[in-house]
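Working notes for the structure below.
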Amino acid sequence: VRQAVQGGATLVQLREKHGPDSQVRPLARRLLEVLRPLQVPLIMNDRVELARDIGAAGAHIGQDDMHPEQARGLLGPDAILGLTVKNLDQIRQAENLDVDYLGVGPVFPSATKPDAGEPWGLSGLAEARKIASKPLVAIGGIGLENARQIMCSGVDGIAVVSAICSAPSPREAAKQL
């Protein structure tokens, strides 16, 4: 994580879907120790209460997780709150929600999350940009070979996992992205 941030990553999300909070908490706290001096926010995937309890910058939730208004109530008005959207109707519904950004994906099929749903593709991202007023962060199947095209579709950022975590040098991978 430190190498990725040194290469240019601007936010880190801890996505640990399995195991109780008691097992995830030590890792989250260690990440906070690494990230705070670098002034890079840590957000928790789905674990809103844990994000609040450890002082993370916020959380990212999916459509089947806690309702965004409940998450905002737990996190407070200054926390970062992201919401996954899987289709244009969900983007329209999210326009009235108190979330800071929308995670749009998968853009392309992804080995990291093979059950993520039908890929948006570049044209889908462009359509999403036309109707969304909130910042859009694209995720799913993104790497150095397609990051520029994705950014040109109008999204505000990209989220990657294997493009950095599987690279021989996370620092260099983040820098290239």
Side-chain angles (χ1 to χ4, degrees), residues 1-17 24 27-28 31-32 34-35 38-48 50-51 56-65 68 71 75 79-88 90-91 94 97 99-129 132-167 169-177:
V1 169
R2 185 179 287 114
Q3 284 188 34
V5 169
Q6 290 169 343
T10 59
L11 183 139
V12 173
Q13 180 184 129
L14 176 54
R15 183 177 187 268
E16 180 53 60
K17 299 296 271 185
V24 177
L27 175 59
L31 284 171
L32 281 174
V34 169
L35 295 170
L38 301 171
Q39 299 181 336
V40 171
L42 172 68
I43 62 172
M44 301 294 299
N45 184 269
D46 298 342
R47 297 176 187 255
V48 176
L50 181 57
H60 183 93
I61 56 176
Q63 292 291 318
D64 298 326
D65 298 321
L75 292 170
I80 299 168
L81 181 58
L83 175 67
T84 296
V85 291
K86 297 181 179 181
N87 57 54
L88 296 176
Q90 290 176 351
I91 291 176
L97 298 174
V99 297
D100 298 297
Y101 71 91
L102 302 176
V104 182
V107 178
F108 300 115
S110 170
T112 306
K113 200 171 178 186
D115 61 343
E118 188 67 28
W120 286 75
L122 295 173
S123 61
L125 289 180
E127 284 299 311
R129 176 72 291 155
S133 65
K134 297 182 184 299
L136 300 178
V137 177
I139 188 166
I142 301 172
L144 187 58
E145 70 283 352
N146 59 19
R148 184 180 309 277
Q149 289 175 297
I150 291 167
M151 290 303 296
C152 288
S153 72
V155 299
D156 300 282
I158 58 171
V160 298
V161 179
S162 32
I164 290 178
C165 293
S166 298
S169 169
R171 178 184 295 135
E172 189 58 32
K175 183 179 179 181
Q176 289 178 1
L177 283 163

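All values derive from a computational prediction rather than experimental measurement. Note: hydrogens, waters and symmetry copies are ignored here, and every other heavy atom, side chains too, is used.
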Residues at least two apart in sequence or cross-chain that pass salt bridge (charged side-chain N to carboxylate O under 4.0 Å, His left out) with D65, listed by chain then number, are none

Do D100 side-chain atoms and L81 backbone N/O form a donor-acceptor pair below 3.5 Å?
yes

Shortest non-hydrogen pair, L42 vs A28, comes out as CD2-O, 3.6 Å

CD/Q13 to CG/L11 distance, rounded to the nearest 0.5 angstrom?
8.0 Å

For G58 and A79, the nearest pair of non-hydrogen atoms, with its separation, is CA-CB, 4.2 Å

Please check: side-chain N/O of S162 versus main-chain N/O of C165, any donor-acceptor pairing under 3.5 Å?
no

How about L125 and L136: do any of their side-chain heavy atoms sit closer than 4.5 Å?
no

Distance in Å, R15 CZ paired with I43 CD1, rounded so as to fall on 0.5 Å steps
12.0 Å

Does P41 reach the side chain of I80, with side-chain heavy atoms less than 4.5 Å apart?
yes

Give a yes or no answer on whether the side chain of R47 reaches the backbone of V24 with a donor-acceptor pair at less than 3.5 Å.
no

Less than 4.5 Å apart, side chain to side chain, heavy atoms only: is that true for V40 and T10?
no

Donor-acceptor contact below 3.5 Å, side chain Q63 vs main chain T84:
yes

State, to 0.1 Å, how close L122 and S153 come at their nearest heavy-atom pair, and which atoms those are.
O-CB, 4.1 Å

To the nearest 0.5 Å, what is the distance between NZ on K175 and CD on Q6?
12.0 Å

Output side-chain donor-acceptor pairs under 3.5 Å for residues 137-151, partner residues at least two apart or in another chain, one line each.
{"from": "N146", "atom 1": "OD1", "to": "G143", "atom 2": "N", "distance (Å)": "2.8"}
{"from": "N146", "atom 1": "ND2", "to": "G141", "atom 2": "O", "distance (Å)": "3.0"}

Quick check for you: to the nearest 0.5 Å, what is the distance between M44 atom CE and I61 atom CD1?
14.0 Å

For residues A167 and A173, report the shortest heavy-atom separation together with the two atoms involved.
CB-CB, 3.6 Å

Contact between V34 and L32 at the side-chain level, heavy atoms closer than 4.5 Å - yes or no?
no

Assess the residue pair W120 and V104 against the criterion (side-chain contact (heavy atoms from CB on, under 4.5 Å)); give the C-alpha distance rounded to whole Å, side-chain angles, the decisive distance to 0.1 Å, and a yes or no.
CA-CA 8 Å; W120 286 75; V104 182; 3.4 Å; yes

Taking all atoms of both residues into account, what is the closest heavy-atom pair of L83 and G62, and its distance?
CD1-O, 4.0 Å

Verify, without hydrogens or angle tests, whether K134 (side chain) and I91 (backbone) share a donor-acceptor contact under 3.5 angstrom.
no

Separation between CG (D46) and NZ (K17), nearest 0.5 Å, reads 3.5 Å

Heavy-atom check, side chain of N45 versus side chain of L14, under 4.5 Å
no

Shortest non-hydrogen contact from P68 toward L97:
CG-CD1, 3.8 Å

Answer yes or no: are there more than 12 heavy-atom neighbours, outside R129 itself, under 6.0 Å from its atom CZ?
yes

